[in-house]
K.L.:
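Please see the structure below; I have some questions.
Note on naming: letters A, B, ... go to the chains in the order of the sequence lines (proteins, then strands), and numbering restarts at 1 for each one.
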Amino acid sequence: MTASVPSAPSGSADEPLGYDPGAVEARWRQQWAERGTNRPDLAEGKDPYYALMMFPYPSAEGLHVGNLFAFTGCDIYARFRRLQGHTVFEPLGYDAFGIHSENFALKVGVHPTELIPRNIANFRRQLDRAGLMVDWTHSVDTTDPAYYKWTQWVFLQLYKKGLAYKKAGAVNWCPSDKTVLANEQVIDGRCERCGTVVEQRFLEQWFFRISDYSERLLNNLDTLDWSATTKQAQRNWIGRSEGARLRFRVLPAMQDAGSASVAVTTETPVDGIQVEVFTTRPDTIFGATYLVLAPEHPLVDEITTDAQRGAVEAYRTGAAKQDLITRKTNKEKTGEFTGAFAVNPATGEPIPVWIADYVLMEYGTGAIMAVPGHDERDYEFATKFALPIVRVVAGEGQGAKTPFDGAAYTGDGMIVNSAQFDGLGVEIAKVKVMEWIEKRHAGTVVTNYRLHDWCISRQRYWGPPIPIIYCDDCGTVPVPEADLPVVLPNIADFKPDDSGVSPLARHEDWYRVPCPTCGKSARRETDVSDTFLDSSWYFLRYPSADRDDVPFDAALTKKWLPVTTYIGGNEHAVLHLLYSRFITMVLHDEGMLDFEEPFTRFRAHGLIIREGAKMSKSKGNVVNPDEYIDRWGADSFRTYLMFLGPFEEGGDFRDAGISGVKRFLDRLWASVRDSVVEGSPDDEVMRKLHATIKKVGEDIPALSYNTAIAAMMEYMNVLRRGERVCHRAEVEPVVQLVAPFAPHVAEEMWGMLGHSESVFDSRWPGFDEGMLVSDTVELVVQVSGKTRGKVAVAREADQAAVMAAAMADASIAKFVVGEPRKIVLVPGRILNIVL
RNA sequence: GCGAGAGUGGCGGAACUGGUAGACGCGCGGGACUUAGGAUCCCGUGCCGCAAGGCGUGUGGGUUCGAGUCCCACCUUUCGCACCA
């Protein structure tokens, strides 16, 4: 490519400024493709840098500006690293399986196998003109059998390790999507996708034992360079709490509960029925005045007395029928007495056993010891049902007999009414009580996690079939790896029904297969897997995307992974990242990966809003990238997106704003075009240039793109002040600074400066520290803390010299009446004369 | 309720370990060049005031020579989690 100056935009022959982005960008897209500029040598490249962005779901609406915002942010970072000398791998693919695609296909009546390639083609067209440094020779499409073959392989690795299991259980069922949802997909009792109230159903589901990894998933967070909010979100989700499991012996059914105490001994707690509870407050055990079981608790039947059976059954039926939304939002306490009593292992007293829906079967043991004095929920319940409330913790100014003032006391304090533990602080008491409990075999210290196992089966069509075959003789048989992929058949009737099984179950010709072990007629699993499984390992696939013999090549993986920087949306801060970490840990434990955390650095980008409002189709305020790129060019569009606000916070897209960015690029382009090599660069301009190189080089790694752009604009203002002719040395480095943001026009300008190689094969400019300091400095002068002016003094000027300079300025001196009480001089910054 | 964050001009947003608040851009006002300009260039633009000057970073206190920045109390708001024992 020789240096060339394109003709001025059409219809404006006298146009003094401004390039034609349409022509420039098309030319450089073609150049990049021909030269292979964006294809790193994965095998040989030095200093590898893996820049990953969350791959998009290729929707029918096309690329969203939010996608482009994220991708551009990642691309700028990647291009910057390349300019610094790294071999940068920046892949992109499509997350095209899942309910979202399938529902859309159903809505428009087009089969997903037709729809998805069409959407992908459109995405690719849009992505191509966005100027991303993507290596399209290493892409993935999760719906491609060449990809999901290995998704199924991942399932088999977990299955082999005993980490995939099938379990019948209560699942969340969305009556609208007609499918099972993961707990994570239920928000406030509603389907996160369609908002329909979720029902409970009992189905056989495949689960992954992610809960076995709770502790590692939690502890490893400390080693990761992730934003604090993302780490916190993961911590909350994993939900570790330290506590204890305590066993309460249930007394045999009695006619008269009042006489129970005579039968109580605590010496033989292992006999008979016991209820195990989870608590984080073992220190309050002396205040446990009743037990509560979840309505679904398996022991309820056994312990309920004949007299109470009717009432208990009625309550359980009511609770079961209740959908999750009422159960979780209705805070009014309800419950029923089982008629049974258990022994408080600390006091030896009998306490009633209740059932109530405020106790959840999924958490802890599904049973609690109620300490109404020191737990708000228990207090409310005890008040409503007239159960005894005992104080066992006394706070500041409280004693053993201080009555409750309408609420539980949940604060810190001293243990009271608890025999030998009286007088201890709450934290010490937790330890001492548990020592005592453990000695008496009434319980153990445990750590509890909220994280549940990951339900990966979906009774849907548009996903990878789970590679399992059921044989009457051999039982559950994994599909041999050699037989992968289990190809998703192209069926016309892919609409789910409420039978609780996948549409694939209607196709015997597909599911009827010989058993891989014995050869007898057997049946395939007809469920498909969760989309989150597709995306839990795709980053491993990219470098090896052209290999069909292995999921990921060992040498390439060793070289390129873990991902150096991962950029994506906060909406995936919990699930996708957690699942990816889990799968990576499992493969690590199998010896297939030498790292257990896939993403060394993760940053979540912010959200783009439009004119102060959220973008939505219904409001009709969605930004269509095509229109803006047509009008302003991709370079201006990219740079404007980054200029809106801090990358990690997002910004407010206003149509008017983009013109300022185009003007900036036009000015730079004109300065380069008109630059000369004769003479020498201006000192002041060069000082500003070096300061700008420093600032941009610091801002980009911090993802502070908006201020980097502002710094370059500021430099342009200095550079062009007085319409001077620019020296080439004053503009050449700026082309490199702007290149990550506006890659096409940067290439164009680089060519205009006489370079034949891509600007991205040049090296990021250095700066000279010596250029950043000058001999004189401007010092702000304050009088009693109020700014009154500024004086120019030598850099090393001492206090006397600075004072003299200040007093020489009449507009400052007039405020200094009398003798200063104190003079504060911060060299290079400020002089404060205190009167 | 718990956890994390955020409140700065007409607007988006700057401000390093406390040191000229409002960089940069939009918008707006004025000017230049023009038949014209939604093109380009220059100047101005926090508020009050003719000026000198005063007032200003959600509110009220505090620390300091000096506070957008630190401390205390409160208000508003965004995002997670939420009957998790």
K.L.:
With a non-hydrogen cut-off below 4.0 angstrom, is A:Phe381 in contact with a base, only sugar-phosphate, or nothing?
P.N.:
nothing
K.L.:
Is A:Gln234 close to A:Leu217 at the side-chain level, that is, under 4.5 Å between some pair of heavy atoms?
P.N.:
no
K.L.:
Report the base-pairing partner of B:rA82 (Watson-Crick or G-U wobble, both distances below 3.5 angstrom), or none.
P.N.:
none
K.L.:
At 4.0 Å (heavy atoms only), tell me whether A:Arg788 reaches a base, stays on the sugar-phosphate, or touches nothing.
P.N.:
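The residue A:Arg788 makes sugar-phosphate contact but no base contact.
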K.L.:
Under 4.0 Å, heavy atoms only, any strand: does A:Lys814 hit a base, just the sugar-phosphate, or nothing?
P.N.:
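If one applies the 4.0 Å heavy-atom cut-off, A:Lys814 turns out to touch the sugar-phosphate alone, with no base involved.
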K.L.:
Go ahead and name the base partner of B:rC16; Watson-Crick or wobble counts if both distances stay under 3.5 Å, otherwise write none.
P.N.:
none
K.L.:
Only counting residues at least two apart or in another chain, list the ones meeting ring pair (Phe, Tyr, Trp, His ring centres under 6.0 Å) with A:Tyr628.
P.N.:
A:Phe637, A:Phe653
K.L.:
Determine: side-chain N/O of A:Arg281 to OP1/OP2 of B:rA85, distance under 4.0 Å, yes or no.
P.N.:
no
K.L.:
Just call it for A:Val834: base, sugar-phosphate, or nothing, with non-hydrogen atoms closer than 4.0 Å on any strand.
P.N.:
sugar-phosphate
K.L.:
Just checking A:Asn717: base, sugar-phosphate only, or nothing, at a heavy-atom cut-off of under 4.0 Å?
P.N.:
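Sugar-phosphate, no base atom in range.
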K.L.:
Taking any strand in view, what nucleotide pairs with B:rU64 in a Watson-Crick or G-U wobble way, both distances under 3.5 Å?
P.N.:
none
K.L.:
Using a heavy-atom cut-off of 4.0 Å across all strands, would you classify A:Ile368 as base, sugar-phosphate, or nothing?
P.N.:
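Base contact.
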K.L.:
Choose from B:rC24, B:rU20, B:rC11 the nucleotide whose nearest atom is closest to any side-chain atom of A:Arg654.
P.N.:
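Minimum distance to the A:Arg654 side chain belongs to B:rC11.
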K.L.:
Report yes or no: is there a donor-acceptor pair, N or O only, under 3.5 Å between the side chain of A:Asn832 and the base of B:rC65?
P.N.:
yes
K.L.:
Can a donor-acceptor pair under 3.5 Å be found between the side-chain atoms of A:Arg829 and the base atoms of B:rU17?
P.N.:
yes
K.L.:
Counting the atoms with a prime plus P, OP1 and OP2 as sugar-phosphate, which does A:Arg821 contact under 4.0 Å by heavy atoms, base, sugar-phosphate, or nothing?
P.N.:
nothing
K.L.:
Ring of A:Phe404, cation from A:Arg391 - is the NZ or CZ under 6.0 Å from the centre and inside 45° of the axis?
P.N.:
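Because its charged atom sits under 6.0 Å from the ring centre and within 45° of the axis, A:Arg391 does stack over A:Phe404.
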K.L.:
So what does A:Gln782 hit on the nucleic acid, given a heavy-atom distance under 4.0 Å: a base, only sugar-phosphate, or nothing?
P.N.:
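Base: the residue A:Gln782, judged by heavy atoms under 4.0 Å, touches a nucleobase.
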K.L.:
Need one value for A:Arg610: base, sugar-phosphate or nothing, where a base atom within 4.0 Å counts as base even if backbone is also close, heavy atoms only.
P.N.:
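Answer is nothing: A:Arg610 stays at 4.0 Å or more from every strand.
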